[in-house]
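A short write-up of the structure that comes next.
Here is the naming used below: chain letters follow the sequence lines, and residue numbers restart at 1 for every chain. What's counted below: heavy atoms across the whole structure, side chains too, no hydrogens, waters or symmetry copies.
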Number of protein chains: 2
Amino acid sequence: MATIKDIARRAGVGVATVSRALNRSGYVRPETLTKIEQVADELGYVPNRQARAMVNGSTQTFGILIPDMDNALFMRIVRGINDFAYPLGYSLLVMDSRGNPERERRICRTMQELRVDGLVLFATPGTANLLTTLDRTLPAVVIDRLLPSSDVPQVSVDHYKGAKDAVGLLLSVCQYPPAMISGPEQVTSSEARLQGYRDALRSAGVSPKDERIESGGYTYEGGYQAMRGLLTRGRSLDGVFAANDLSALGALRAIRDVGLRCPDDVRVVGFDDIEATRYVYPSLTTIRQPMDEIGRVAVDMLVKRVTGELVEVDPVLLAGKLIRRESC
Amino acid sequence: MATIKDIARRAGVGVATVSRALNRSGYVRPETLTKIEQVADELGYVPNRQARAMVNGSTQTFGILIPDMDNALFMRIVRGINDFAYPLGYSLLVMDSRGNPERERRICRTMQELRVDGLVLFATPGTANLLTTLDRTLPAVVIDRLLPSSDVPQVSVDHYKGAKDAVGLLLSVCQYPPAMISGPEQVTSSEARLQGYRDALRSAGVSPKDERIESGGYTYEGGYQAMRGLLTRGRSLDGVFAANDLSALGALRAIRDVGLRCPDDVRVVGFDDIEATRYVYPSLTTIRQPMDEIGRVAVDMLVKRVTGELVEVDPVLLAGKLIRRESC
DNA sequence: ATGAAAGCGCTAACAG
DNA sequence: CTGTTAGCGCTTTCAT
């Protein structure tokens, strides 16, 4: 692999001149520059970023720690990060921890060893812990879920407001107060969505009843069972807000299995806007999370912190968008 | 950021000893080792891989060039790569070209500048070209689709055989010869699947007729239109093989829209096993591509090439698996 | 406008 | 067992 030394020798100049020429820093006589570029080309020279990084400190890479690459929503965020980071000259080091805290720790370590310029962490139960391990000088931003308390910048979706909007829609078209298929406990997004549901009902002058809330655990199967429970239990049910699309899809199936029809008999609204929402029958009305935007904001924060700018520590909450389809 | 020099000074030893101690290479007196580790710990020392890479040549990173991070199938492969590369100590540099050839070129360049130890390229129309640009000494493997001719190792799915299996199933349960919703032309996977369909019919003593093949272009909308065409055109149709799941999903919708039922009236088999196949009604019978396996094989090839082992240049074709669900 | 030289942090001989 | 030293490829003063 050719180095600037090789180029220097071949072009009959010093290495410093080659460096200046290739980087267009400092003065270089035009002819010298041409000559150098030509030689570099001949030799198929590819600069070594490691070496460059050693002297000027920046590797121009961001690290992304993600708990599951197979999660389409996560990847949409990563793609957003990619799209915004790329024009800025940043490359992405992406590692999947598979939700394993030990792996998370190791990956973070590796990324520090690789001297990434910044770190994007998808929040997991282990994240708070992880942050204490991290070098405080390494710019980091936590994404997707909110950490209870932290001085690290955070970007997430406004689950609460999204839920309120979803329930608002149901309230406006249903005859009875909508039921809810809730998500797992202890998960901030899930809790915020549940709270949004409750408050939306209250705003409409309805007091939320526990028997109209069934847990679906964010899963398809859970949503299915929850819906069946709701359906057998109570009458006067013509609308359901599911905490996420997966459980909404399960609900759709349950509705069909008991011989009812959506939206005619029961309307359903989900949350997330996963790909399948468009392909099922009826297609699912849902709250779309602004994934690209999350990526953009995250990169923005990172870049600011890299350049030394101050970044507000208050978590940024981005609004979701109601997407109406056939199910409501 | 602490360096081995800092540790050396503080521990009262030479830098070489520190290096030996921390890497457990060469002899170090046990007490010295303990002392060094303790100091390293105190200083919060994190080794600099760039520096290490400069001397021993290897960065322990693989580059992944992917045309669309939002494609769940692609990401499943990447996750497979991650899972197999991680235990081997490799980190992944993942960049999304968004299918843009210019970007592809630039990303490849960047990865070479970053001195990745190997490169995984998702095949795109521009890949063949790209390969000519690449340093021949950089281990690379092309994935997902097959390049017409190339001396680079390749891993892909046996689309042909998968299609034959799918059609075989249809033949065994349908009364009439199945129709096909084909994919885009000029795409190797699509062509292989079409060929598999034709050959499966022939093996069964049926001569494939063009009027029973309608293009769906691998899209949902395309599949929908293709199915409607098939349905209005001919009678004696009770089975369809769609070149991919997306178009199969479109077909499902078309069947419903004209008032028919699947699988009762028309059976459908897709290809890919995307996530939505499980959530639609009826759930979709399809051919699952062995994504994890693709990742495993790719990493395997890369590692072999890195360690200098020879790798067969014959493309590796992995078999898909028939997943039976409700649609057939 | 350009070259010599001093590192960046680390490893690998090579002497003790 | 351990310290000294010479780079790895590149950027950046500092002279010239």
Side-chain angles (χ1 to χ4, degrees), chain A residues 1-37 39-40 43-61 89 109-117 135 137-138, chain B residues 1-37 39-40 43-61 89 109-110 112-117 135 137:
Chain A
M1 192 118 268
T3 72
I4 50 169
K5 220 186 228 167
D6 300 324
I7 300 177
R9 195 177 321 122
R10 191 109 151 214
V13 298
V15 291
T17 307
V18 176
S19 174
R20 279 190 293 258
L22 263 22
N23 296 312
R24 283 170 180 37
S25 60
Y27 299 94
V28 176
R29 191 156 27 112
E31 330 156 31
T32 319
L33 185 125
T34 320
K35 174 73 179 168
I36 288 175
E37 283 188 318
V39 174
L43 263 37
Y45 172 72
V46 180
N48 184 333
R49 288 218 194 186
Q50 325 277 337
R52 183 175 300 176
M54 289 215 51
V55 19
N56 63 24
S58 163
T59 53
Q60 294 290 100
T61 55
R109 164 90 181 191
T110 302
M111 296 206 161
Q112 286 178 272
E113 293 188 3
L114 258 4
R115 296 295 190 266
V116 295
D117 289 342
D135 180 5
T137 64
L138 177 62
Chain B
M1 192 115 269
T3 73
I4 51 169
K5 221 185 227 167
D6 299 324
I7 300 177
R9 195 176 324 121
R10 190 106 153 217
V13 298
V15 290
T17 307
V18 176
S19 175
R20 278 189 295 256
L22 263 21
N23 296 310
R24 288 180 175 29
S25 62
Y27 299 94
V28 176
R29 188 153 31 107
E31 329 157 33
T32 318
L33 184 125
T34 320
K35 173 73 177 167
I36 289 175
E37 283 188 318
V39 174
L43 265 36
Y45 172 72
V46 179
N48 184 333
R49 286 219 196 185
Q50 325 275 339
R52 184 176 300 176
M54 289 217 51
V55 16
N56 64 24
S58 162
T59 54
Q60 294 290 100
T61 55
R109 163 88 180 193
T110 302
Q112 284 178 274
E113 293 188 1
L114 257 3
R115 296 294 191 266
V116 296
D117 290 342
D135 179 6
T137 64

Ignoring hydrogens and angles, write down the donor-acceptor pairs under 3.5 Å from the side chains of residues 47-56 of chain A, residues two or more places apart or on other chains.
from	atom 1	to	atom 2	distance (Å)
A:Asn48	OD1	A:Gln50	N	2.8
A:Asn48	OD1	A:Ala51	N	3.2
A:Arg49	NE	B:Glu113	OE1	2.9
A:Arg49	NH2	B:Glu113	OE1	3.3
A:Gln50	NE2	B:Leu114	O	2.4
A:Asn56	OD1	A:Ser58	N	3.4

> Any side-chain N or O of B:Thr17 under 4.0 Å from OP1/OP2 of D:dT2?
Replying inline: no
> With sugar-phosphate meaning primed atoms plus P, OP1 and OP2, does A:Val13 contact a base, only sugar-phosphate, or nothing at under 4.0 Å between heavy atoms?
Replying inline: sugar-phosphate
>> What is the separation between atom CG on A:Asn23 and atom P on D:dG9, rounded to the nearest whole Å?
In response: 17 Å
>> Distance under 4.0 Å to a non-hydrogen atom of chain A counts as contact; along DNA chain C, which nucleotides mark the start and end?
In response: C:dA1 to C:dG9
>> So B:Ser25, base contact, sugar-phosphate only, or nothing? Heavy-atom distance under 4.0 Å.
In response: nothing
> In whole angstroms, how far is the C1' atom of D:dT11 from the CD atom of B:Glu113?
Replying inline: 15 Å
> Starting at CG of B:Leu114 and ending at P of D:dC10, how long is that distance when rounded to a whole Å?
Replying inline: 14 Å
> What integer distance in Å separates B:Ile7:CD1 from D:dG3:C1'?
Replying inline: 16 Å
> When all nucleic acid strands are considered with a 4.0 Å heavy-atom cut-off, which category describes A:Asn48: base, sugar-phosphate, or nothing?
Replying inline: sugar-phosphate
>> How many whole angstroms separate atom CE of A:Met1 from atom P of D:dC10?
In response: 10 Å
>> Give me the atom names and distance for the closest heavy-atom approach of A:Gln112 to A:Leu138.
In response: CG-CD2, 3.8 Å
Between the protein and nucleotides 5-8 of chain D, which nitrogen or oxygen pairs are less than 3.5 angstrom apart?
from	atom 1	to	atom 2	distance (Å)
D:dC8	OP2	A:Lys5	NZ	3.4

> Quick one: side-chain contact (heavy atoms from CB on, under 4.5 Å) partners of B:Val39, sequence neighbours excluded?
Replying inline: B:Ile7, B:Arg10, B:Ala11, B:Lys35, B:Leu43
>> Once side-chain contact (heavy atoms from CB on, under 4.5 Å) is applied, do any residues pair with B:Arg20, and if so which ones, sequence neighbours excluded?
In response: B:Ala16, B:Thr17, B:Ser25, B:Val28
> Any idea which heavy atoms bring A:Tyr45 and A:Leu22 closest together, and the distance?
Replying inline: CE2-CD2, 3.7 Å
> For A:Asp135, which residues count as a salt bridge (Lys or Arg N to Asp or Glu O under 4.0 Å) partner, sequence neighbours excluded?
Replying inline: none
> For B:Pro30 and B:Arg115, take the nucleotide of DNA chain D holding the closest heavy atom to each; which residue's nucleotide lies nearer the 5' end?
Replying inline: B:Pro30
Are there any protein N/O atoms within less than 3.5 Å of an N/O atom in nucleotides 14-16 of chain D, and if so, which ones and at what distance?
none

>> Within the 4.5 Å heavy-atom criterion, are A:Thr61 and A:Met111 side-chain neighbours or not?
In response: no
>> If I take atom CZ in residue B:Arg9 and atom P in nucleotide D:dG3, what distance separates them, rounded to the nearest angstrom?
In response: 14 Å
> Looking only at side-chain N and O atoms, does A:Tyr45 come under 4.0 Å of OP1 or OP2 in D:dC10?
Replying inline: yes
>> Please report the distance, rounded to the nearest Å, between CG in A:Asn56 and C1' in D:dT12.
In response: 11 Å
>> Does D:dC1 have OP1 or OP2 under 4.0 Å away from a side-chain N or O of B:Arg29?
In response: no
> What are the two closest heavy atoms between A:Val15 and A:Lys5, and how far apart are they?
Replying inline: CG1-CA, 3.8 Å
>> List the residues meeting side-chain hydrogen bond (donor to acceptor under 3.5 Å, both in side chains) with A:Thr110, not counting sequence neighbours, and say none if there are none.
In response: none
>> At 10 degrees resolution, what angle do the end axes of the helix from C:dA1-D:dT16 to C:dG16-D:dC1 form when each is taken over five base pairs?
In response: 40°
